[in-house]
Amino acid sequence: MYKGNYYRLVRELDRIRKAFGSAILITKGYDVLDSKFAMCQAVQIYPQNNDSTRLMQVIETLINQNTVKLSKVNLLSNKQIYVEL
């Protein structure tokens with residue numbers, strides 16, 4: 001299950017990066033203390049160009065177009081974006 005989640009998450013993040021047009025940094029990935037992170041079902045990301053608002057808009061557009069399939073996306077107070085399969 002972990003491996004399948006990993007490959008799915010990589011595909012979704014790559015679609016987001018391509019649509020966004022700029023590099024996206026993973027600020028939190030694997031974390032044994034959080035089951036979603038431990039099972040590779042969630043990451044926190046941050047745009048390298050610092051435009052979190054636009055990145056969030058791109059992700060929401062991709063979800064609405066069914067281009068990416070994510071169950072949860074939140075813009076956090078630190079401008080990072082939580083993404084969950």
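Note that the structure is predicted; figures quoted are calculated from it, not measured.
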Original post:
For S22, does its backbone N or O pair with a side-chain atom of Q48 as donor and acceptor, under 3.5 Å?
Top reply: no
Original post:
Do you reckon Y46 sits in the same ILVMFWY cluster as F20, going by side-chain contacts under 4.5 Å, direct or chained?
Top reply: no
**OP:** Verify, without hydrogens or angle tests, whether R8 (side chain) and Q41 (backbone) share a donor-acceptor contact under 3.5 angstrom.
**Re:** no
**OP:** For D31 and F37, indicate whether the former's side chain and the latter's backbone hold a donor-acceptor pair under 3.5 Å.
**Re:** no
Original post:
Is the shortest side-chain N to carboxylate O distance from D14 to R17 below 4.0 Å?
Top reply: yes
Subject >> Same cluster (ILVMFWY, side-chain, under 4.5 Å), I63 and V43 >> reply: yes
Original post:
Any side-chain heavy-atom pair from Y30 and Y2 closer than 4.5 angstrom?
Top reply: yes
Donor-acceptor contacts, no H, no angles, side chain residues 72-85, under 3.5 Å, sequence neighbours left out:
unit_1, atom_1, unit_2, atom_2, d
N78, OD1, Q80, N, 3.1
Q80, OE1, T27, OG1, 2.3
Q80, OE1, Q44, NE2, 2.9
Y82, OH, E84, OE1, 2.4

Original post:
Does atom NZ of K18 have more than 12 heavy-atom neighbours, drawn from other residues, nucleotides or ligands, at distances under 6.0 Å?
Top reply: no
**OP:** Rounded to the nearest 0.5 Å, what's the gap from OG1 on T67 to CD1 on I59? Could you check?
**Re:** 12.5 Å
Original post:
Can you tell me how far the OG1 atom of T61 sits from the CE atom of M56, to the nearest 0.5 Å?
Top reply: 10.5 Å
Original post:
Of the non-hydrogen atoms in A19 and V58, which two are nearest, and what is the gap between them?
Top reply: CB-CG1, 3.8 Å
Subject >> Rounded distance [0.5 Å steps], CD1 in I26 versus CD1 in I24 >> reply: 9.0 Å
**OP:** Working to the nearest 0.5 Å, report the span between CD of E60 and CG of L55.
**Re:** 10.0 Å
